[in-house]
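Naming convention: chains lettered A, B, ... in sequence-line order (proteins, then strands); numbering from 1 in each chain. Only heavy atoms go into these numbers, but all of them, side chains included; no hydrogens, no water, no symmetry mates.
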Amino acid sequence: MAKKITSRNKDYSQWYLDVVREAQLASHSPVRGCMVIKPNGYALWENMQKQLDQMFKDTGHKNAYFPMFIPKSFLSKEAKHVEGFAKECAVITHSRLVSSENGVDVDPTSKLEEELIVRPTSETIIWDTYRDWIQSYRDLPILINQWANVVRWEMRTRLFLRTMEFLWQEGHTAHATREEAIEETEKMLEVYRSFAEDYMAMPVVTGVKTESERFAGAVETYCIEAMMQDGKALQAGTSHFLGQNFAKAFDVRFQDSDGKEKLVWATSWGVSTRLIGGMIMTHSDDNGLVLPPRLAPTQVVIVPIWRNDDEKAAVSEYCDRLYEEIKKAGIRISLDAREQYKPGWKFAQHEVEGTPLRIAVGPRDVSNNKVELARRDTLEKEITDRDGLVEKLNVLLETIQSDLFKAANQRTKDQTSTASDYREFQEILDKKGGFVYAHWDRTSETEEKIKAETKATIRCLPLEPVEQPGKCMITGKDSPYPVLFARSY
RNA sequence: CGGGGCGUAGCGCAGCCCGGUAGCGCAUCUGCUUUGGGAGCAGAGGGUCGCAGGUUCAAAUCCUGUCGCCCCGACCA
């Protein structure tokens, strides 16, 4: 069983690749660092989108779409922003191909007057547009989200976790006051926290980034950080308070109710297909993918079993009715009646694909008015009554959802340590990994030194600090509360 | 950019050292038997061996060059 998947203990990174492949989520494309997202993977993304989109709309946002191409000159307008993204931009220089001996070549006569940048993020083009949208305080706030793809020319890539092109959503809001913008930033962080924990069943720590880890062009970057099974942290989402940096860069002003002209306050926030990678590494096991029911494309699968035409007729009818009844109850169900595969093969396949619940129905069950019910997360099987099955499924799906969260939460706790000195800090990182709380003197020099020596970065300054003031483990200077360190993806 | 690996059938690989009719597993197609944890048997289809040169009677194999991808690090969501 599941012999195609390398065990986590043996090679975690190979295990991850094996799960992605065997669950048919995605595959490498011919282009370095890019992926083909297959139907199973895309269905997950669609479910994430659907839920997040609703949450954005419930908090007053509307969707819009801005172009993928950005004039090169836009990137130079916000100094820190360029600095951050300059090294990883795809640049369009030509517009035409011509036939040649080799097939096709770039037509040198089609060189663009101004090169275009494929968006690595859309602050620039959006703030250039907002200048035209905003004149008065009555035009504010602007609460826009867009679902899009972006490109960052990364050196090192991993399916879902870091690809050169990825899908995401980016919210871009404009406000009349600093307070309102900060409130928005924090509100969206809370949306992300709630989505991660309540839907992905992935516990996260909320916090703010240090200056060196901050988004290029932000005044403050809030984040959710999750802990993966191998002890490495994953930045799962960010919400940025941009201050007036982009308003200044793109000259976006408004006349306030007091008659004075003021610069607009901004936020931006995003999560990406990286969440899929985080979800895989949070729940899955050596048998393959494990999915939280709330996001699983298929929540329940029915596998019929028969030996001859008589049995087939009886089992099929039983399954069809079951299917209709469950579907009517709003559960995402599929009936796997494919005849080219045997039940055993289907069991294994649905297991590796992470379907939370499996119902097997054979002649025995039909005559006893029962079904066999199997949970993906625990691999437990039971024979249960056909009557009242829908209610049972609903309860079980919620149970699995909360059990997955509990298990991940417990694991994260177990993987969270506190280091009282630098020696202990290094020892924890090397032997156990995970999150490590430690005191830090709030200087970039110390942060840099720790990173260089241990490869651990400050994941965040937690919004809900644990413990009391202390002394920096490196310099012995004052530290108001410990910050969260980890090696990360 | 450094280190490692790899390009041979849809997928995964062997063959290369030592040149001589291109193979294996899975998948696919046909038939029969099977079906409660990845079925069996019999038969069949499918490949310009990444690309370009060179050596040779003869190149997947040797030589030169070149392109690309993956993995491990430095950069990052």
So that I know where these two stand, are A/Phe85 and A/Phe215 an aromatic pair - ring centroids less than 6.0 Å apart? yes
What residues 201-212 of chain A contributes to the RNA chain B interface at heavy-atom separation below 4.0 Å is none
Any base atoms under 4.0 Å from A/Asn308, or only sugar-phosphate, or nothing? Heavy atoms, all strands. nothing
Counting only distance, no hydrogens or angles, is the base of B/G37 paired donor-acceptor with the side chain of A/Lys381 under 3.5 Å? yes
Assess whether ring pair (Phe, Tyr, Trp, His ring centres under 6.0 Å) is satisfied between A/His172 and A/Phe246, documenting all intermediate values. CA-CA 11 Å; A/His172 294 274; A/Phe246 284 89; 8.5 Å; no
Nearest to the side chain of A/Lys455 - B/U28, B/C75, B/A74? B/A74
Taking N and O atoms by type only, does the side chain of A/Arg21 place a donor or acceptor under 3.5 Å from a partner on the base of B/G12? no
Is A/Thr163 touching bases, backbone alone, or none of the nucleic acid, heavy atoms closer than 4.0 Å? base
What residues in residues 366-376 of chain A put a non-hydrogen atom under 4.0 Å from any atom of RNA chain B? A/Glu372
Near-ring test A/Phe166/A/Trp168, centroid separation under 6.0 angstrom: yes
Taking the six-membered ring for Trp, are the ring centroids of A/Trp269 and A/Phe56 within less than 6.0 Å of each other? yes
Numerically ordered, the residues 275-282 of chain A set in heavy-atom contact under 4.0 Å with RNA chain B is none
Using a 4.0 Å heavy-atom cut-off across all strands, classify A/Gln349 as base, sugar-phosphate, or nothing. base
Just to be sure I understand the geometry, which residues of residues 299-306 of chain A put a non-hydrogen atom under 4.0 Å away from RNA chain B? A/Ile305, A/Trp306
With heavy atoms under 4.0 Å as the rule, sort A/Ser13 into base, sugar-phosphate or nothing. sugar-phosphate
Classify the nucleic acid contact of A/Phe215 as base, sugar-phosphate or nothing, counting any heavy atom under 4.0 Å across all strands shown. nothing
For the side chain of A/Glu88, counting heavy atoms from C-beta on, which of B/C76, B/U35, B/A77 is nearest? B/C76
Below 3.5 Å is the cut-off: list the nitrogen or oxygen pairs between protein and nucleotides 67-70 of chain B, distance only.
| unit_1 | atom_1 | unit_2 | atom_2 | d |
| --- | --- | --- | --- | --- |
| B/C69 | OP1 | A/Arg32 | N | 2.8 |
| B/C70 | OP1 | A/Gly33 | N | 3.2 |

Hey, would you say the A/Phe485 and A/Tyr437 ring centroids sit under 6.0 Å apart? no
Heavy atoms under 4.0 Å, any strand shown: does A/Glu154 hit a base, just sugar-phosphate, or nothing? base
Please pick, from B/A39, B/A74, B/G36, the nucleotide with the shortest atom-to-atom distance to any side-chain atom of A/Met155. B/A74
For nucleotides 43-53 of chain B, which of its nitrogen or oxygen atoms have a protein nitrogen or oxygen under 3.5 Å away, and what is each distance?
none

